[in-house]
Visitor: 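Next up is a structure, given as structure tokens.
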Number of protein chains: 2
Amino acid sequence: MSPGKSKRQELLCRYLEENPFLTDNELAHMLGVSIQTVRLDRWGLSIPELRKRLREVAKGSYGQVSALQKEEWIGDLVDLEPGSQGVSILEVSEEMTLNSTKVARGHYIFAQANCLAVSLVNTKVALTGTAKISFKRPVYCGEKVIARAFISRKKDNKFIVRVTSKVQDETIFQGKFLIFAIA
Amino acid sequence: MSPGKSKRQELLCRYLEENPFLTDNELAHMLGVSIQTVRLDRWGLSIPELRKRLREVAKGSYGQVSALQKEEWIGDLVDLEPGSQGVSILEVSEEMTLNSTKVARGHYIFAQANCLAVSLVNTKVALTGTAKISFKRPVYCGEKVIARAFISRKKDNKFIVRVTSKVQDETIFQGKFLIFAIA
DNA sequence: AAATACTTTAATACCAGATACTAAATTAGA
DNA sequence: TCTAATTTAGTATCTGGTATTAAAGTATTT
């Protein structure tokens with residue numbers, strides 16, 4: 001991949017993030033390339049056409065739910081062995097950060113860990129009882145948080161789950177969750 | 001104007017109010033008339049085409065999105081004395097609960113407390129360092145959670161904030177947050 | 001019943017903003 | 001220099017329309 005291509009694709013993303021209502025034609029002019037190249041780039045980045053983007057924005061806003069509200073889970077489960085361990089990835093988006101800085105709100109990091117911890121417990125319903133958590137350093141917009149969790153102890157319907165969240169091998173969060181399984 | 005026409009136009013409006021993402025074709029089938037009649041009706045009612053409707057909804061919401069981002073707090077601040085204490089109310093909605101039961105996800109309760117704790121610290125940026133939290137009992141859909149927070153200790157740029165969340169005088173959550181103020 | 005007006009349907013040409021595909025031209029890397 | 005990646009071009013096709021003209025169908029009135 002040429003440097004021009006990846007740089008252009010980055011730009012394209014930035015333009016569309018700023019203004020998702022741009023046509024391929026407008027993008028082509030802005031980037032100084034042909035419309036075919038723009039389409040090829042969009043395809044490579046799996047960005048849908050303008051009309052679908054409009055549909056998404058429109059439909060998304062039609063439900064009118066806030067970011068944390070509409071997400072069932074915070075983070076994407078990439079590996080899960082119920083009853084043992086699991087891994088979840090969360091890419092920190094603009095909505096999760098404070099305005100002035102680009103630092104993620106603590107409760108998103110917590111939410112990711114909590115979701116993962118709860119999903120480890122292999123029952124219909126699991127509830128967090130207590131938790132001791134620690135944010136090691138701020139996480140910035142765009143960073144990928146990888147949370148790893150494992151069940152460290154189990155007694156009756158009580159589970160102790162330890163979660164460590166990292167950004168590129170640097171621990172940014174640690175938590176110990178006591179979780180109750182409910183039958 | 002025949003009664004059939006005005007009745008149909010009323011129906012058309014109702015359908016579009018319910019779901020503005022309907023094509024003329026779909027409307028024609030729903031109303032049992034030809035597509036031309038639908039277009040004529042839309043013209044008479046000066047209802048724009050689907051794509052323009054989408055654009056409007058999308059653009060209209062796009063301004064609001066950034067406005068919502070600014071004050072994306074979990075919970076409503078009802079009382080706040082920065083540097084001392086504050087109260088926040090959160091009504092648990094369907095989106096915050098698990099599907100099977102009607103129990104609120106722990107991280108919403110945490111998020112409310114965390115937001116409140118951070119807002120108590122009267123600086124531009126405040127970050128949660130560590131927290132020790134405890135969920136006393138599940139919270140159900142529709143319940144109003146009242147979180148009260150106060151700064152229990154302060155040293156340099158470190159604040160210890162204690163939060164107690166209640167549902168009708170019953171404590172459902174307690175937390176101790178160590179928060180860093182950043183200049 | 002016939003003439004007139006209103007309503008509905010049909011048909012055609014055209015547009016924006018795309019997809020899907022083929023192919024040629026350009027550029028960069030070995 | 002030759003090859004492979006990248007970019008551009010061109011064409012056919014799609015959706016969901018607009019705009020226009022024309023032809024039916026249905027009342028309404030005279």
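Just so we're on the same page: letters track the sequence lines, and every chain starts at 1. Worth saying up front: this structure is predicted, and the values here are computed from it rather than measured.
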Visitor: May I ask whether A:I146 and A:F177 are part of the same hydrophobic cluster, defined by side-chain heavy atoms of I, L, V, M, F, W, Y residues being less than 4.5 angstrom apart, directly or through others?
Guide: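 Different clusters: A:I146 never reaches A:F177 through Ile, Leu, Val, Met, Phe, Trp or Tyr contacts under 4.5 Å.
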
Visitor: Under a 4.5 Å cut-off applied to non-hydrogen side-chain atoms, are A:L116 and A:V161 in contact?
Guide: no

Visitor: Expressed in angstrom and rounded to an integer, what is the separation of A:D24 atom CG from D:dC14 atom P?
Guide: 20 Å

Visitor: In whole angstrom, give the distance that lies between atom CZ of A:R8 and atom P of D:dA5.
Guide: 16 Å

Visitor: Any non-hydrogen side-chain atom of A:T128 less than 4.5 Å from a side-chain atom of B:H107?
Guide: no

Visitor: At less than 4.0 Å, is any side-chain N or O atom of B:S34 found next to OP1 or OP2 of C:dT9? Yes or no.
Guide: yes

Visitor: Determine the contact category for B:E49: base if any of its heavy atoms lies under 4.0 Å from a base atom, sugar-phosphate if only primed atoms, P, OP1 or OP2 are that close, otherwise nothing.
Guide: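 Since only primed, P, OP1 and OP2 atoms lie under 4.0 Å of B:E49, the category is sugar-phosphate.
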
Visitor: With DNA chain C as reference, determine whether A:W43 or B:T37 sits nearer its 5' end, using the nearest nucleotide of each.
Guide: B:T37

Visitor: Taking CG from B:N25 and C1' from C:dT9, how many angstroms apart are they, rounded to a whole number?
Guide: 14 Å

Visitor: Quantify the bending of the helix from C:dA1-D:dT30 to C:dA30-D:dT1 as the angle between its end axes, each fitted on five pairs, to 10°.
Guide: 0°

Visitor: At their closest point, which heavy atom of A:R53 faces which heavy atom of A:L22, and how far apart are they?
Guide: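 In this case the closest contact between A:R53 and A:L22 is NH2-O, 2.6 Å.
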
Visitor: Calculate the interatomic distance between B:I47 atom CD1 and D:dG17 atom C1'; express it in whole Å.
Guide: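 Taking atom C1' of D:dG17 as the reference, CD1 of B:I47 is at 15 Å.
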
Visitor: Please confirm whether the backbone N or O of A:V145 pairs with a side-chain atom of A:Q112, one donor and one acceptor, at under 3.5 Å?
Guide: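 Yes; at least one donor-acceptor contact below 3.5 Å.
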
Visitor: Take atom CG of B:L27 and atom P of C:dT8, then tell me their distance rounded to the nearest Å.
Guide: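 Roughly 15 Å, once rounded to whole Å.
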
Visitor: Would B:S134 and B:K132 count as a side-chain hydrogen bond (donor to acceptor under 3.5 Å, both in side chains) here? Give the steps.
Guide: CA-CA 7 Å; B:S134 161; B:K132 202 174 157 185; over 6 Å; no

Visitor: Name the closest nucleotide to the B:R42 side chain, picking from D:dT18, D:dG16, C:dT19.
Guide: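 Out of D:dT18, D:dG16, C:dT19, the nucleotide with an atom closest to B:R42's side chain is D:dT18.
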
Visitor: Could you state the atom-to-atom distance from CG of A:L40 to C1' of C:dA24 in whole Å?
Guide: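 To the nearest whole Å, that distance equals 15 Å.
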
Visitor: Nearest to the side chain of B:K5 - D:dT8, C:dT8, C:dA18?
Guide: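 Nucleotide nearest to B:K5's side chain: C:dT8.
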
Visitor: With a 4.5 Å cut-off on side-chain heavy atoms, are B:K5 and B:Q9 touching?
Guide: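 Yes, side chains in contact.
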
Visitor: Hey, is the side chain of A:R51 pairing donor to acceptor with the base of C:dA16 inside 3.5 Å?
Guide: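 Between C:dA16 and A:R51, which were checked side chain against base, a qualifying N/O pair under 3.5 Å is present.
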
Visitor: Rounded off to whole Å, could you give me the CZ-to-P distance for the A:R55 and D:dT15 pair?
Guide: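 Taking CZ of A:R55 and P of D:dT15, I get 13 Å after rounding.
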
Visitor: Respond yes when some side-chain nitrogen or oxygen of A:R39 is under 4.0 Å from OP1 or OP2 of D:dT7, and no when none is.
Guide: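 For A:R39, the contact criterion (side-chain N or O under 4.0 Å from OP1 or OP2 of D:dT7) is not met.
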
Visitor: I need the CG-P distance between A:L31 and D:dT8, as an integer number of Å.
Guide: 10 Å

